[in-house]
2 protein chains.
Amino acid sequence: MPKVGMQPLRRKALIDATILAIGERGSLDVTMSEIAGRAGVSSALAHHYFGAKDDLLEATMRYLLTELNADARLALRAAQTPLQRVSAVVAVNFSEKQFRSETIAAWLAFYVEAQKSQALRRLLRVYARRLHSNLMSGLAPLLPPAQAERAAETIAALIDGLYIRRALRDGLPDAATAAALVEAYLANLPLGTKGRA
Amino acid sequence: MPKVGMQPLRRKALIDATILAIGERGSLDVTMSEIAGRAGVSSALAHHYFGAKDDLLEATMRYLLTELNADARLALRAAQTPLQRVSAVVAVNFSEKQFRSETIAAWLAFYVEAQKSQALRRLLRVYARRLHSNLMSGLAPLLPPAQAERAAETIAALIDGLYIRRALRDGLPDAATAAALVEAYLANLPLGTKGRA
DNA sequence: GTTTTTGTTGATTGATCAGTCAATAAAAAA
DNA sequence: TTTTTTATTGACTGATCAATCAACAAAAAC
């Protein structure tokens with residue numbers, strides 16, 4: 001079995017297994033053995049490739065962040081108008097790929113863990129800033145600065161809130177409904193009032 | 001020292017210590033010894049009064065829920081108009097008492113734990129239903145049914161989202177700003193359009 | 001004044017895990 | 001062909017904790 005060039009494959013498999021395991025357990029209380037087992041390797045190998053458990057968790061978080069960012073970039077490129085930019089950002093966050101329950105459970109777990117881990121906190125801050133600036137790129141042309149800021153904060157909070165509710169499998173199950181809520185919020189905004197309303 | 005009638009005092013002290021400990025650690029990974037120590041007793045005593053650790057956590061969650069509900073009832077009693085009812089519910093959730101970082105960290109931690117624990121999940125569902133019905137009691141007279149529902153979901157998600165953001169100590173620090181965001185959302189709703197807009 | 005109830009703890013047990021290490025084996029390099 | 005590098009694991013260690021228990025003490029009941 002032992003071939004060469006396994007490192008990237010194993011790392012990817014372990015990260016996938018981590019997301020899966022966290023998603024199923026619903027928390028970061030997942031053992032290295034369980035993750036490793038799910039990836040079809042021994043726990044020793046997981047340590048071999050990632051060092052400490054925290055490193056694996058951080059790598060997993062970074063992976064989720066990277067994927068989300070890549071999707072967002074792609075969606076933004078297709079947007080033609082400011083409003084479409086906002087919708088694109090919203091749509092990405094509620095896409096089937098991102099709004100899966102494992103992924104969401106992982107996000108939630110990382111939010112909690114971030115209170116303990118400086119590294120995770122930094123990563124989440126990067127995410128928050130990116131989301132904010134993506135939203136502002138669409139909102140700034142449409143609203144006076146203060147209102148645009150507020151709208152961006154509101155949408156960001158809405159996204160987080162809808163993620164949590166999804167994680168609890170409580171009402172609000174599907175991505176489409178969640179996205180529609182945010183779109184309804186957008187529809188009520190006094191858009192196009194940049195030069196004083 | 002050993003007097004009689006300690007049970008309720010100890011239980012209260014242990015629950016307070018639990019909230020404090022969770023708030024500081026930022027997660028439910030708190031040892032019984034730490035909680036007990038904080039309450040000035042031995043870990044054995046904590047087990048004596050609560051049985052298993054899960055029971056203590058459940059009691060703590062139940063306590064938070066009870067407090068929030070009591071505050072909400074009080075605030076709703078003072079409200080005169082439907083809109084005031086909605087504002088009252090929002091205000092309670094962002095009151096200084098409820099929007100403290102320990103309390104919020106505890107809520108977040110319980111959200112995560114609820115994925116594992118049936119008991120906690122049930123408690124959270126009770127909370128969600130109460131919040132929803134409190135909001136609807138104000139929104140239903142002001143909006144067509146479908147829109148009222150949507151507004152209630154949105155506000156609930158906003159509250160959750162703002163709680164999370166507060167927990168991360170990321171931007172949005174104070175209760176007043178958070179409450180203002182939700183109020184701004186309310187201001188943009190087409191209220192008073194119950195009989196078709 | 002004896003007995004029971006209530007309050008309390010230190011010491012211990014047993015389980016769970018993260019992380020280490022020595023050993024094995026295939027592939028690549030020398 | 002020997003040597004090194006890469007891949008891999010089973011077995012072990014050490015730490016951490018929840019939970020238990022026997023024991024002690026003060027108050028209450030009898």
Side-chain angles (χ1 to χ4, degrees), chain A residues 1-22 24-61 106 109-110 112-113 116-120, chain B residues 1-22 24-61 106 109-110 112-113 116-120:
Chain A
M1 255 188 238
K3 283 175 271 186
V4 85
M6 284 290 103
Q7 174 141 348
L9 301 182
R10 293 303 192 199
R11 285 182 69 100
K12 178 64 161 65
L14 283 164
I15 286 175
D16 286 346
T18 303
I19 296 173
L20 252 280
I22 292 176
E24 216 161 277
R25 272 273 191 294
S27 89
L28 294 189
D29 279 347
V30 190
T31 67
M32 286 298 267
S33 302
E34 207 215 309
I35 295 171
R38 225 177 253 266
V41 298
S42 72
S43 70
L45 195 67
H47 276 104
H48 175 63
Y49 282 128
F50 282 98
K53 185 183 178 183
D54 284 349
D55 298 327
L56 171 54
L57 295 180
E58 191 187 326
T60 303
M61 169 99 220
F110 282 123
V112 170
E113 190 68 9
K116 279 187 276 185
S117 157
Q118 173 115 36
L120 290 187
Chain B
M1 256 189 238
K3 282 176 271 184
V4 86
M6 285 289 103
Q7 175 142 350
L9 300 183
R10 295 301 192 202
R11 284 181 71 100
K12 177 66 161 65
L14 283 165
I15 286 175
D16 286 346
T18 303
I19 296 172
L20 252 282
I22 292 175
E24 218 161 274
R25 271 273 191 294
S27 89
L28 294 189
D29 279 348
V30 190
T31 67
M32 286 299 266
S33 302
E34 209 216 306
I35 294 172
R38 224 177 254 264
V41 297
S42 72
S43 70
L45 196 69
H47 276 104
H48 175 64
Y49 282 127
F50 282 98
K53 184 183 179 183
D54 284 348
D55 298 327
L56 171 54
L57 295 180
E58 190 187 327
T60 303
M61 169 101 221
F110 281 123
V112 170
E113 190 68 8
K116 280 186 277 186
S117 157
Q118 173 117 37
L120 290 187

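Everything numeric in this text was worked out from a predicted model, so none of it was measured.
Atom CZ in R38(B) sits 4.5 Å away from atom CD in E34(B) (nearest 0.5 Å). Here the straight-line distance linking atom CG of L14(B) with atom CD1 of I19(B) works out to 11.5 Å at 0.5 Å rounding. Here the CD1-OG1 distance, from I35(B) to T60(B), works out to 7.0 Å after rounding to the nearest 0.5 Å.
Counting only heavy atoms from C-beta outward, the side chains of F50(B) and I15(B) approach each other to under 4.5 Å.
Side-chain proximity of M6(B) to dA27(C), dT8(D), dG7(C): nearest is dG7(C).
Each of S43(B) and Q7(A) lies near DNA chain D, and the nucleotide nearest Q7(A) is the one positioned closer to the 5' end. Taking the nucleotide of DNA chain C with the nearest heavy atom to each of A44(A) and V30(A), the more 5' of the two is matched to V30(A).
Side-chain N/O atoms of R10(B) include one lying less than 4.0 angstrom from OP1 or OP2 on dT8(C).
L9(A) has its CG atom 15 Å from the C1' atom of dT8(D), to the nearest Å. D29(A) has its CG atom 12 Å from the P atom of dC17(D), to the nearest Å. Counting to the nearest Å, the P atom of dC17(C) and the CZ atom of R25(A) are 8 Å from each other. The CE-P distance, from M32(B) to dT16(D), rounds to 19 Å in whole Å. The nearest whole Å value for the distance from the CG atom in L14(A) to the C1' atom in dA7(D) is 13 Å.
Within 4.0 Å of S42(B), counting heavy atoms only, lies at least one base atom of the nucleic acid.
Under a 3.5 Å cut-off, the side chain of D55(B) and the backbone N or O of A52(B) do form a donor-acceptor pair. Distance alone, capped at 3.5 Å, places no donor-acceptor pair between the K53(A) side chain and the T31(A) backbone.
The stretch residues 45-58 of chain A touches DNA chain D through L45(A), H48(A), Y49(A), each having a heavy atom within less than 4.0 Å of the strand.
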